[in-house]
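These numbers come from the heavy atoms of this one structure, side chains and all, not from hydrogens, waters or symmetry mates.
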Amino acid sequence: MSAPQGSGKTTICEELQHLLAEGGYQAVFASLDDFYLTYGDQQALAKANSQNKLLGVRGQAGTHDIELAHNTLQQLKSASSESSEIALVRYDKSSHSGRGDRAPESAWQQVKGKVDVVLFEGWMLGFRPLLDQAAQKAGEDMVAINNHLKKYPAAIDNFIDVWLVVKVTDPQFVYDWRLEAEHKSKAAGKPGMTDDQVADFVDRYMPGYIHYLPGLYSHGPTTKQPGKVLTIQIDKSRQLTQEQPEQYTHED
């Protein structure tokens with residue numbers, strides 16, 4: 001599932017997981033967010049790219065451990081026997097005052113037995129890299145992000161058989177949705193970012209939305225197949241809009 005932050009990815013995946021379990025299927029829920037670099041590696045990345053604010057915090061292409069993501073998805077796809085056992089990495093977004101860090105291995109989910117379905121979601125899954133000339137027009141920061149993004153289709157997107165794309169009428173909704181999530185987290189007693197820090201945090205994601213959502217919405221995700229992409233459109237209240245996108249049912 002490719003959908004912006006706060007749009008309801010986790011809720012949809014949890015509901016699908018429940019429905020599949022009722023049908024006798026083991027569905028494993030994983031998020032691209034769980035494959036962010038460790039806090040230490042993210043700090044090192046930021047230091048090595050001090051002129052690029054987009055690599056200063058987690059979020060954009062280049063801030064994930066795509067080798068770990070690739071290997072984990074391969075393990076999940078190969079888990080075809082009852083003796084299969086996989087440790088599924090988890091990421092703690094509340095760590096380091098909301099800057100996040102990989103959770104200790106003791107907190108990773110232990111997946112045992114045959115895996116029938118993998119529900120995998122991420123805010124930038126299926127994004128199509130820009131042509132080099134277009135990336136250059138977007139600025140030097142985006143050139144680096146775009147170069148990192150070129151590695152994602154082969155490493156991650158190729159595992160995806162069926163896509164659900166959640167289209168938003170305005171990506172600016174993410175500011176309010178992310179703030180809402182942060183307030184809920186802090187209300188639950190977890191450390192988190194201030195409102196200004198949340199705004200700055202989302203600012204780092206916006207170039208990704210601005211430059212890649214048009215391609216996702218007009219051409220579909222990177223590894224789309226006819227009849228295996230469902231696109232739905234929601235408004236700010238996360239309700240389906242009256243007008244819904246055309247579906248991809250044949251080759252372009």
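In this structure, Y152 contributes its side chain and G62 its backbone to a donor-acceptor pair below 3.5 Å. A donor-acceptor pair under 3.5 Å is formed between the side chain of Q247 and the backbone N or O of P245. Within the 3.5 Å criterion, the main-chain N or O of D141 finds a donor-acceptor partner in the side chain of N52. With hydrogens and angles disregarded, a donor-acceptor distance shorter than 3.5 Å links the side chain of D34 to the backbone of Y91. In this structure a side-chain-to-backbone donor-acceptor pair under 3.5 Å is present from Y217 to V168.
Within a 6.0 Å sphere centred on CD of E22, heavy atoms belonging to other residues, nucleotides or ligands number more than 12. Counting non-hydrogen atoms of neighbouring residues, nucleotides and ligands closer than 6.0 angstrom, the CD atom of Q110 exceeds 12 such neighbours. Counting non-hydrogen atoms of neighbouring residues, nucleotides and ligands closer than 6.0 angstrom, the OH atom of Y25 reaches no more than 12 such neighbours. The number of heavy-atom neighbours closer than 6.0 Å to NZ of K190, taken from other residues, nucleotides and ligands shown, is 12 or below. Within 6.0 Å of CD on Q244 lie more than 12 heavy atoms contributed by other residues, nucleotides or ligands.
With hydrogens and angles left out, the side-chain atoms of D203 and Y175 include a donor and acceptor closer than 3.5 Å. Side-chain polar atoms of E14 and T10 form no donor-acceptor pair below 3.5 angstrom. Using a 3.5 Å distance cut-off with no hydrogens or angles, the side chains of W163 and T231 do not pair a donor with an acceptor. Counting only N and O atoms by type, the side chains of R90 and Q109 include a donor and acceptor under 3.5 Å apart.
A chain of hydrophobic side-chain contacts below 4.5 Å, direct or via other Ile, Leu, Val, Met, Phe, Trp or Tyr residues, connects F120 to I232. Residues L131 and L149 fall into different hydrophobic clusters, defined by Ile, Leu, Val, Met, Phe, Trp and Tyr side chains chained together at heavy-atom separations under 4.5 Å. Following chains of ILVMFWY side-chain contacts shorter than 4.5 Å, one cannot reach Y205 starting from V143, and the two form parts of different hydrophobic clusters. I234 and L230 fall within a single hydrophobic cluster, where Ile, Leu, Val, Met, Phe, Trp and Tyr side chains are chained together by heavy-atom contacts under 4.5 Å. Hydrophobic clustering (side-chain heavy atoms under 4.5 Å, transitive across Ile, Leu, Val, Met, Phe, Trp, Tyr) keeps L19 apart from L164.
Of all non-hydrogen atoms in A154 and N158, the two that sit nearest each other are CA-ND2, 3.5 Å. When all heavy atoms of W108 and A103 are compared, the pair lying nearest together is NE1-O, 2.9 Å. Between R58 and R99, the shortest heavy-atom contact is NH1-O, 2.7 Å. Here the shortest heavy-atom pairing between A79 and G113 reads CB-O, 4.3 Å. For the residue pair A61 and L55, the shortest heavy atom distance occurs at O-CD2, 3.9 Å. Annotation for A69 and I156: closest pair CB-CD1, 3.9 Å, computed over non-hydrogen atoms.
For the atom pair M142 CE and N147 CG, the distance stands at 10.0 Å (nearest 0.5 Å). Here CG of N71 is found 7.0 Å from CD of Q75. Values are rounded to the nearest 0.5 Å. Note that CG of D33 and OG1 of T63 are 9.0 Å apart. Values are rounded to the nearest 0.5 Å. For the atom pair CD of Q43 and NE2 of H96, the computed distance is 8.0 Å after rounding to the nearest 0.5 Å. Going from atom SG of C13 over to atom NE2 of H18 covers 15.0 Å, rounded to the nearest 0.5 Å. Remark: Q242 CD to D235 CG distance equals 11.5 Å, nearest 0.5 Å.
Less than 6.0 angstrom separates the ring centroid of H70 from the ring centroid of F159.
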*So K167 and L213, side chain to side chain contact (heavy atoms under 4.5 Å, CB included) or not? Walk me through it.*
CA-CA 9 Å; K167 181 179 180 179; L213 283 184; over 6 Å; no

*asked:* Evaluate Y209 against Q5 for side-chain hydrogen bond (donor to acceptor under 3.5 Å, both in side chains), listing each step before the verdict.
replied: CA-CA 10 Å; Y209 290 126; Q5 302 154 280; 2.8 Å; yes

*asked:* Assess the residue pair D157 and R128 against the criterion (salt bridge (Lys or Arg N to Asp or Glu O under 4.0 Å)); give the C-alpha distance rounded to whole Å, side-chain angles, the decisive distance to 0.1 Å, and a yes or no.
replied: CA-CA 10 Å; D157 297 352; R128 294 171 175 269; over 6 Å; no

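Salt bridge absent: D41 and R102 never bring a charged side-chain N and a carboxylate O closer than 4.0 Å. Here D116 pairs with K114 in a salt bridge; the nearest charged N to carboxylate O distance falls below 4.0 Å. For the pair D161 and K77, the salt-bridge criterion is met [side-chain N within less than 4.0 Å of a carboxylate O]. Salt bridge annotation for E182-R178: present, with a cationic side-chain nitrogen under 4.0 angstrom from a carboxylate oxygen. Between K53 and D200 no salt bridge is recorded (no basic side-chain N to carboxylate O distance below 4.0 Å).
With E121 as reference, S31 is the one residue of S31, S2, S7 to meet the side-chain hydrogen bond (donor to acceptor under 3.5 Å, both in side chains) rule.
The shortest side-chain heavy-atom distance between M124 and Y212 does not fall under the 4.5 Å cut-off. Here the side chains of V229 and P221 are in contact, with some heavy-atom distance below 4.5 Å. Looking at heavy atoms from C-beta onward, T38 lies in side-chain contact with D101 at the 4.5 angstrom threshold. Using a 4.5 Å heavy-atom threshold, the side chains of N146 and F127 count as separate.
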